[in-house]
Protein chains: 2
Amino acid sequence: MALQTIREAALSAGLPVKTVRYYDEIGLVRSSARSPAGYRLYDATACHKLTFVQRARQFNFSLDECRELLDLYENRQRPSREVKKLALAKVDFLQQRLATLSDLKQELEALAERCSGDDRPDCPILTAMAGDQDADTAQRRPRSKDEL
Amino acid sequence: MALQTIREAALSAGLPVKTVRYYDEIGLVRSSARSPAGYRLYDATACHKLTFVQRARQFNFSLDECRELLDLYENRQRPSREVKKLALAKVDFLQQRLATLSDLKQELEALAERCSGDDRPDCPILTAMAGDQDADTAQRRPRSKDEL
DNA sequence: CTTGACCTTCCCCTTACAGGAAGCTCTATA
DNA sequence: TATAGAGCTTCCTGTAAGGGGAAGGTCAAG
């Protein structure tokens, strides 16, 4: 298979051109060569890596994690243990996030349910946010690092 | 109640000082005054607003949404309808996120389960990301805007 | 009088790109 | 062969919501 332009490579991996250029720039997936005019060129291996990263991204892995996974994938000696570790860590992460979001949704749903949603101004949602009932609970739960 | 320094206000709202300064800077919650030396000073109302925003943030509202909620809260004429609309939109948003993350977690869990996780290098996780089975599915699902 | 805690502004860093400007290159068509 | 249009390049700016830290002013206590 011949070398591909950035557009073709991006298309085959299901990524925007800008993203592919970015991956090259940060050294995550380098273009395999440059044309005399300076155009990025991608061979089959590079295209493959782009696809790999695209999939890993769909599984919610960060670019740094993708880098690790690519390394593991490329290193034919790596033990599957390490990959599994990464995957399970991600599963844990997702589990946490799910629990938090689920709680959040329930609380918000409950508040919304008690709101008349008409022309009257009384609203339990605003009251809940304005009230001082658990001012120090907030202290103890200062917005976890892992956003969302 | 006397005016409070930024630290005291931050503490009472359960927010980092940097955050309170940031809210002032972007005009979300302005400090009510400045000391002769230029120190930010917060009165009870300002502190109240900080707490309000902190709570709204815990409910996953963006700063822009917090601004809207604050407006609604301050405007004694607003109909509760608008607040409810915002809340329900957020609930919808959370619902979407939950569904996506849940799917993701299940897929990843399934993959991890099939990985031996030992010294051998074969790993279905990496295989799944490297495989070409649904190269165009990726095309049709080009990473939704609503991240995570 | 000095130390240490607190405050100020200013600037860069983060994630993972998107949008756009200025300018070069390639191809197809008139 | 000239030119239009698509495609490529680099560079710059912006996003959300602050965090980290430098340089420097301020305040209360010992």
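All values below come from the heavy atoms of this structure, side chains included, with hydrogens, waters and symmetry mates left out. None of these values were measured; they are calculated from a predicted model. Throughout, a chain's letter reflects where its sequence line sits, starting with A, and its residues are numbered from 1.
Rounding to the nearest 0.5 Å places CG of L108(A) at 12.0 Å from CG of D103(A).
Within the 4.0 angstrom heavy-atom criterion, base atoms lie near R21(A).
For dC8(D), one of the phosphate oxygens OP1 or OP2 lies less than 4.0 angstrom from a side-chain nitrogen or oxygen of T5(A). Between R40(A) and the phosphate of dT10(D), there is a side-chain N or O to OP1/OP2 separation shorter than 4.0 Å. Phosphate contact (OP1/OP2 of dA17(D), side-chain N/O of Y23(B), threshold under 4.0 Å): absent. At the phosphate of dG19(D), OP1 or OP2 sits under 4.0 Å from a side-chain N or O atom of T19(B). Under 4.0 angstrom from either OP1 or OP2 of dT9(C) there lies at least one side-chain N or O belonging to R34(B).
Between the side chain of R40(B) and the backbone N or O of R34(B) there is no donor-acceptor pair closer than 3.5 Å.
Using cut-offs of 30° and 60° on the angle between ring planes, the pair Y73(B) and H48(B) is perpendicular.
On a pure distance criterion of 3.5 Å, a polar donor-acceptor pair joins the side chain of Y39(B) and the base of dG25(D).
The interatomic distance linking I6(B) (CD1) with dT26(D) (P) rounds to 17 Å, in whole Å. In this structure, R7(A) places its CZ atom 15 Å from P of dT27(C), rounding to the nearest Å. With rounding to whole Å, Q58(A) atom CD is found 15 Å from dA16(C) atom P. Between the P atom of dG7(D) and the CG atom of L41(A) lies a distance of 16 Å, rounded to the nearest Å. For the pair E25(A) CD and dC11(D) P, the computed distance is 9 Å after rounding to whole Å. Summarising the geometry, the separation between CG on L3(A) and P on dG7(D) is reported as 19 Å, rounded to the nearest angstrom. In this entry the distance linking OH of Y22(B) with P of dG21(D) reads 20 Å, nearest Å. One can place OH of Y42(B) at 14 Å from C1' of dC6(C), the figure rounded to the nearest angstrom.
The closest side-chain heavy-atom distance from S80(A) to D122(B) is not below 4.5 Å.
Nearer the 5' end of DNA chain C, as judged by each residue's closest nucleotide, is the contact made by K18(A), out of K18(A) and A37(A).
Nearest heavy atoms, L50(A) versus V20(A): CD1-CG1, 3.9 Å.
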